[in-house]
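Some notes on the structure that comes next.
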Amino acid sequence: MKNPVVTSWTESTRNLFKPVIVLVITFAATVKLSQSLYRYNLRRRSRARSGTMSSSSSSDNGTGVQARRRSRILSSKLYFDIPNSKVPLIYSSAYDITFLGIEKLHPFDSSKWGRICGFLLVDNVVDKNCIVEPLEASKNDLLVVHSEAYLNCLKKSANVAMIIEVPHVAVFPNCLVQQKVLYPFRNQVGGTILAAKLAKERGWAINVGGGFHHCSGEKGGGFCAYADISLCIHFAFERLNISRVMIIDLDAHQGNGHETDFANDSRVYILDVYNPGIYPFDYEARRYIDQKVEVVSGTTTNEYLRKLDEALEVYT
């Protein structure tokens, strides 16, 4: 049976008791992977890790953290049943960010998600009525990974401005920033989390948004305000009987957020294909990458795909 693949844009089981999910993170458009990707299994890590969550400072504290996390995940409404008439492609018009034109001050295209779906609709790749719309992640959902302190810091526009790298946002009332910036992000988080459920059921799923790989539980940055990747994985562990996850991060930037969150979790294997000469230069987080593929500027498409194919040859 094929391993379920979740693709998130910035995106089967070994046996009945130890399923594996593959999370592919891409940027702007998906990278076409060879069909042999589905046949690859996760190999055991070359280095030993403690296997405890990075958020646990002691066994007692860790037990409490896990209990609260489990309770929040089980009470979440982000997992819901999707009719077979829908395809496992997740998108909502609420994903797109428009903020009085200020969003154009950042090179990141904050309306790309709608344009991507527009292309798919024009080319008759998918019918509009077949696209899955997710729910917005609630505060209780976000607390599965994020601390109260971090979520509270987002109530200050200046902090959000630093995360999305648009200084002008700092002068706007936070209620407006919540509506125009953070609300779209929270909808994309809901999409990434739901994608794991769909992938388990259908064999694959794509969230057109999400892939906020620069955000960890305690810190945002690089236009990433919520750690949707970490949230998706914790939900999958708890609700989908997933025992191991492979993150394939194909964004040009290093995915330092999820690397930080799963630094001490042996269930998560990270393959990161990134340019070491650009943001975020997080050398500490690089220590937690299981398989690094450093691709410098000017690398040709054929060379990139060759390196990717070689990296995907992972066996037990």
Side-chain angles (χ1 to χ4, degrees), residues 8 10 23 25 49-79 135-165 169-170 174-175 177-179 181-193 196 210-239 245 247 254-265 267-268 270 280 282 284-285 287-288:
S8 196
T10 189
L23 180 65
I25 306 161
R49 285 182 174 174
S50 66
T52 58
M53 295 291 106
S54 59
S55 59
S56 302
S57 59
S58 68
S59 59
D60 289 342
N61 183 47
T63 300
V65 168
Q66 294 301 324
R68 290 190 294 275
R69 175 176 288 153
R70 175 180 170 79
S71 176
R72 289 182 174 119
I73 290 174
L74 294 179
S75 65
S76 175
K77 294 180 173 58
L78 294 180
Y79 273 14
L135 298 176
E136 174 194 2
S138 68
K139 178 182 178 181
N140 204 50
D141 296 322
L142 298 172
L143 285 170
V144 167
V145 165
H146 294 294
S147 66
E148 284 270 5
Y150 176 74
L151 295 182
N152 285 337
C153 91
L154 298 179
K155 295 178 181 178
K156 294 182 179 180
S157 298
N159 292 332
V160 178
M162 286 190 291
I163 290 172
I164 66 172
E165 301 171 342
V169 170
N174 190 254
C175 60
V177 174
Q178 292 285 333
Q179 178 188 354
V181 179
L182 297 180
Y183 172 72
F185 282 158
R186 290 193 294 269
N187 275 276
Q188 294 186 46
V189 170
T192 300
I193 291 171
F212 303 131
H213 65 166
H214 295 308
C215 186
S216 65
E218 295 294 337
K219 184 179 180 181
F223 215 85
C224 301
Y226 300 114
D228 67 318
I229 299 163
S230 301
L231 284 160
C232 169
I233 291 172
H234 282 298
F235 270 71
F237 283 149
E238 198 63 56
R239 297 279 291 268
V245 171
I247 298 174
Q254 175 200 346
N256 58 320
H258 59 75
E259 289 158 7
T260 298
D261 281 344
F262 295 107
N264 297 311
D265 195 329
R267 299 171 298 175
V268 180
I270 300 172
D282 192 334
E284 175 66 21
R287 297 174 50 207
Y288 309 125

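Here the structure is a predicted model, which means the values were calculated and not measured.
- Scanning all heavy atoms of the two residues, the minimum distance from G217 to A227 falls at N-CB, 4.5 Å.
- The shortest heavy-atom contact between Y183 and Q179 is CB-O, 3.5 Å.
- The shortest non-hydrogen separation linking N140 to S75 is ND2-OG, 3.4 Å.
- Counting only N and O atoms by type, the side chains of H214 and N256 include a donor and acceptor under 3.5 Å apart.
- Every pair tested for salt bridge (charged side-chain N to carboxylate O under 4.0 Å, His left out) that includes a residue from residues 213-228 fails, sequence neighbours excluded, so the list is empty.
- One distance of note links SG of C153 with NE2 of H146; it measures 9.5 Å at 0.5 Å rounding.
- Once rounded to the nearest 0.5 Å, the distance linking OH of Y79 with CG of L135 reads 13.0 Å.
- A158 is linked by a side chain to side chain contact (heavy atoms under 4.5 Å, CB included) to A170, counting only residues two or more places apart in sequence or in another chain.
- The side chain to side chain donor-acceptor pair (under 3.5 Å) check on K155 picks up N152, with sequence neighbours excluded.
- Nearest heavy atom pair, residue A225 against residue F185, reads CB-CD1, 3.7 Å.
- Take D141 and apply the side chain to side chain donor-acceptor pair (under 3.5 Å) test, not counting sequence neighbours, and it matches S76, S138.
- A 4.5 Å side-chain heavy-atom check between F223 and C215 finds every atom pair outside the cut-off.
- The shortest non-hydrogen separation linking A161 to V169 is CB-CB, 4.0 Å.
- Side-chain contact between T192 and L231 is absent, with no heavy-atom pair separated by less than 4.5 Å.
- Here the closest non-hydrogen pair linking Q178 and P184 is O-CD, 4.5 Å.
- Between the side chains of Y226 and R186, at least one donor N or O sits under 3.5 Å from an acceptor N or O.
- From F235, atom CZ reaches atom CD1 of I193 across 4.5 Å, with rounding to the nearest 0.5 Å.
- Residues passing the side chain to side chain donor-acceptor pair (under 3.5 Å) test with E259 are Q254, sequence neighbours excluded.
- We find the OG-CG distance between S216 and D261 to be 5.0 Å, quoted to the nearest 0.5 Å.
- A distance of 10.0 Å separates CZ in F237 from CZ in R69, rounded to the nearest 0.5 Å.
- Under the 6.0 Å cut-off for aromatic ring centres, H234 and F262 qualify, their centroids lying closer than that.
- The main-chain N or O of A285 is found under 3.5 Å from a side-chain atom of D282 such that the two form a donor-acceptor pair.
- Evaluation of the side chain to side chain contact (heavy atoms under 4.5 Å, CB included) rule for L143 yields R72, K139, E148, L151 as partners, not counting sequence neighbours.
- In this structure, CD1 in I233 is found 8.0 Å from NE2 in H258, a value given to the nearest 0.5 Å.
- Heavy-atom contacts from other residues, nucleotides or ligands closer than 6.0 Å to CZ of R70 number 12 or fewer.
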